[in-house]
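Heads up, the thing below is written out as structure tokens.
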Amino acid sequence: MRRTAAALLGALLATLVIAGAVLGLAGPSPTQAATQAATQAATQAASGQDEDRRVVRVGTEGTYPPFTYREGSGEDDLTGYDIDVIEAVADEAGWDLEFVESQFDAIFAALDSGRIDVIANQISFNPERDARYALSEPYTYSQGVIVTRSDDDSITSLDDLEGVTTAQSSTSNWAEIAREAGADVQTVEGFAPAAELLAQGRVDAIVNDNIAVLDYLNTSGSDEIKIAGEAGDEGSEQVLAFRKEDQALAEEANAALDALREDGTLAEISESYFRADVSVPDGGDADLSGGREGRTTWEAVQDTAWPMFVAMVKITIPLTVVSFAIGLVLAVAVALARISRSRVLAGLARAFVSIIRGTPLLVQLFIVFFGLGQIGIRLDPFVAATIALSLNVAGYASEVVRSAILSVPKGQFEAATTIGLDYRQTLRRIVFPQAARTAVPPLSNTLLSLTKDTSLASTVLLTELFRVAQVSAGANGQYLALYSVAAVYYWVLCTILSVAQTRLEKRLDRYVA
Amino acid sequence: MTALEKEPTTPAQGEPLVVLSDVQKWYGDLHVLKDINLTVHRGEVVVVIGPSGSGKSTLCRTINRLETIGEGSIQLDGKPLPEEGKALANLRAEVGMVFQSFNLFAHKTILENVTLGPIKVRGVKKADADAKAQELLDRVGVGHQAAKYPAQLSGGQQQRVAIARALAMEPKVMLFDEPTSALDPEMISEVLDVMVTLAKGGMTMVVVTHEMGFARTAADRVVFMADGQIVEENTPEEFFTNPQSPRAQDFLGKILKH
Ligand SMILES: Nc1ncnc2c1ncn2[C@@H]1O[C@H](COP(=O)(O)OP(=O)(O)OP(=O)(O)O)[C@@H](O)[C@H]1O
Ligand SMILES: [Mg+2]
């Protein structure tokens with residue numbers, strides 16, 4: 001059995017390598033790409049090997065151009081105005097940086113739970129944040145604008161937002177402004193998805209930063225949406241956010257920002273992105289025309305197919321294999337507990353199954369990752385995802401294992417005990433091998449679900465297959481193409497697993513006449 | 001010398017091997033074994049006979065503790081049956097059992113069925129276990145089927161493998177619970193022949209069966225059960241030609257009509 005499994009795994013990998021090579025044909029060289037997609041926290045440390053340089057972990061979306069995004073050309077380094085600013089600050093303050101990419105809605109949770117030390121992601125100043133976090137002085141002054149469909153003239157100011165639906169990152173300052181204006185806020189992950197929803201007519205407006213909007217209009221070439229008016233008179237100010245107890249870090253940042261403003265570095269960075277100085281109030285109107293270029297669908301697919309493949313091989317497949325293996329062992333333990341004569345064990349097992357099957361996997365994942373993080377148990381994203389997925393597999397598979405064990409005829413137990421096998425030997429030599437035959441089809445379903453469910457790990461800072469597609473699509477707006485490529489990868493993976501299932505079933509069926 | 005060809009011992013003259021004293025058993029309110037007192041001597045062949053539901057299987061299964069008893073005691077070779085754990089597993093290895101439905105391990109080959117116990121329980125080396133298993137399989141006439149799976153064999157062949165599997169553990173006593181009732185008529189004799197050889201070879205046996213031919217040729221004693229009680233005990237000849245109790249007369253009348 002072991003040999004077949006190894007052969008199947010080999011076949012699986014070979015097929016995937018071919019698929020990946022075909023899709024990544026015109027992409028970057030394999031070695032270059034392998035280093036790209038694999039590291040979710042790219043260390044972009046400034047030069048210098050000083051022992052006492054402080055390592056500061058920076059949380060950023062990587063999907064919010066032109067502030068923080070991945071270069072479409074396939075250079076996987078993070079770039080953008082906020083990235084350049086924090087790197088300049090680090091240079092000045094003598095920090096080494098480690099970037100952690102996170103969805104915006106998870107970014108403050110990541111800061112609270114100590115997974116990152118600072119957010120560099122156009123965090124707008126507001127009094128609530130000021131009370132909760134140690135905020136730096138502003139490094140961007142911008143104007144909030146209201147975006148609508150091009151053919152919609154009914155919304156021009158905040159007053160018109162009463163009762164309409166807007167799309168925002170739920171925890172952003174813009175969402176707060178929209179809510180206060182009486183809008184019904186739909187939560188999205190970043191500006192590009194919001195723009196997509198607006199163009200598709202699923203929401204009526206977006207409140208966002210004028211620079212982000214100009215960047216989108218410029219790179220997408222979209223004429224379906226327009227800037228319809230300003231969101232209030234006051235401009236907004238964007239700051240770096242630290243934990244309250246890291247006040248000292250915030251002060252170092254402030255000193256660095258002062259120095260950078262003084263020597264013109266900030267102005268220079270801003271000019272290079274916006275042809276205006278947004279680092280001071282009234283530094284001129286940002287102009288993004290002729291800035292970074294949009295990507296064609298084919299270019300986007302070519303750029304992303306290989307990194308997606310690498311993420312699948314390095315994260316998705318290992319996550320699936322490890323979670324399934326651990327999950328199965330737990331499932332057997334839970335199944336044995338459920339059929340054991342001990343009422344306590346059986347009760348505990350029943351409760352476990354009930355809780356796992358009665359709660360969403362996404363919620364379990366968030367409890368393990370963000371929840372435990374808050375009480376000091378800070379698990380690596382891969383470990384957290386493995387725990388949540390293993391428990392989930394155990395919950396479902398234990399019922400399968402239990403009924404498979406019960407399906408082995410009683411006479412088999414009796415015959416085994418009459419030749420003197422003890423309970424463990426009977427289970428191992430007689431019951432499990434026969435139960436396996438019954439259990440393989442339903443367990444294969446569990447494995448297929450698990451393979452697809454690993455995509456949920458994208459929400460806990462794990463850059464697996466789907467997250468790579470998400471990040472890339474967030475930057476270039478090629479949702480249909482990139483999500484389709486992701487779908488193809490999952491489908492190929494699941495198809496290979498189904499073939500393996502059929503072969504395993506045949507093998508287990510050999511003793512049935 | 002193998003298990004199939006031991007020196008014949010004189011019936012009922014060996015020392016007591018299995019001793020049941022005042023055994024009672026209930027299933028809920030159902031009193032299935034009542035005041036059972038039975039001694040099986042070393043080398044003796046006891047046939048248990050009786051109507052359906054009279055407790056024959058239950059009696060058999062209490063001897064290797066597949067069923068627990070309510071009251072009384074059962075001793076094997078002078079020692080009471082252990083309650084559980086390794087000691088119980090060891091006891092079971094001493095008592096061979098052959099079931100009506102064969103119960104061969106479906107996922108193991110014929111040879112593996114026979115070698116599993118010796119290797120895993122007795123710690124015999126695989127090569128030795130294989131050789132001995134092959135010899136036993138040859139003796140029961142299924143040696144050439146060693147590499148097949150149980151489902152590929154006829155019922156009669158499977159039951160002979162089950163006997164070989166039990167013998168491989170070199171048990172002190174063999175229990176048979178209606179070993180031929182699930183078989184087509186033409187296969188019954190091939191199994192009975194093996195059992196007769198075993199009996200003649202001196203194996204201690206408790207056999208639940210309605211096969212009078214076997215009882216007459218091989219049994220030292222017939223025990224007749226009805227309603228959970230031992231109603232009558234006698235030599236086969238006496239029992240079949242001159243039953244004492246009305247229950248036995250009635251029962252024999254019924255089965256002889258067929
Ligand atoms: N697990 C059980 N739970 C409850 N009652 C049982 C159980 N097993 C057997 N019985 C009952 O105990 C009584 C004796 O059963 P047993 O199987 O020993 O009879 P038997 O003499 O072997 O009959 P047969 O010739 O039909 O095999 C029967 O009334 C039967 O219904
Ligand atoms: Mg019976």
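In what follows, chains carry the letters A, B, and so on, assigned in the order in which the sequence lines appear, proteins first and then strands, with residues in each chain numbered from 1.
- Ranked by heavy-atom pairs under 4.5 Å with chain A, the list B:Leu66, B:Asn64, B:Asn90 is led by B:Leu66.
- Atoms CD1 and CG, on A:Ile419 and B:Asn113 in that order, are 8.0 Å from each other to the nearest 0.5 Å.
- Comparing B:Met169, B:Met97, B:Arg122, B:Lys120 by heavy-atom pairs within less than 4.5 Å of chain A, the highest count is held by B:Lys120.
- Residue-environment remark: CH2 (B:Trp26) exceeds the threshold of 12 foreign heavy atoms within 6.0 Å.
- Of all heavy-atom pairs spanning A:Ala415 and B:Arg165, the tightest one is CB-NH2, 3.4 Å.
- Nearest heavy atoms, A:Gln412 versus B:Leu104: NE2-O, 2.7 Å.
- Applying a 4.5 Å heavy-atom cutoff, none of the residues of residues 153-162 of chain B approach chain A.
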Practice prompt. Determine, stepwise, if the pair A:Thr418 / B:Val95 fulfils side chain to side chain contact (heavy atoms under 4.5 Å, CB included).
Written response: CA-CA 7 Å; A:Thr418 51; B:Val95 180; over 6 Å; no
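- Residue B:Arg61 touches chain A through its side chain alone, counting heavy-atom pairs closer than 4.5 Å.
- Using a 4.5 Å cut-off between heavy atoms, A:Gln425 touches chain B through its side chain atoms alone.
- Here the side chain of B:His107 pairs no donor or acceptor atom with the backbone of A:Phe432 at under 3.5 angstrom.
- Contact tally against chain B (heavy-atom pairs below 4.5 Å) for A:Ile430, A:Val408, A:Asp422: the top residue is A:Ile430.
- Ranked by heavy-atom pairs shorter than 4.5 Å toward chain A, the options B:Phe102, B:Phe105, B:Phe99 are led by B:Phe105.
- Of the two parts of B:Leu91, neither the backbone nor the side chain holds a non-hydrogen atom closer than 4.5 Å to a non-hydrogen atom of chain A.
- Residues of residues 330-355 of chain A having a heavy atom under 4.5 Å from any heavy atom of chain B: none.
- For B:Lys148, no part lies near chain A; criterion is any non-hydrogen pair under 4.5 Å.
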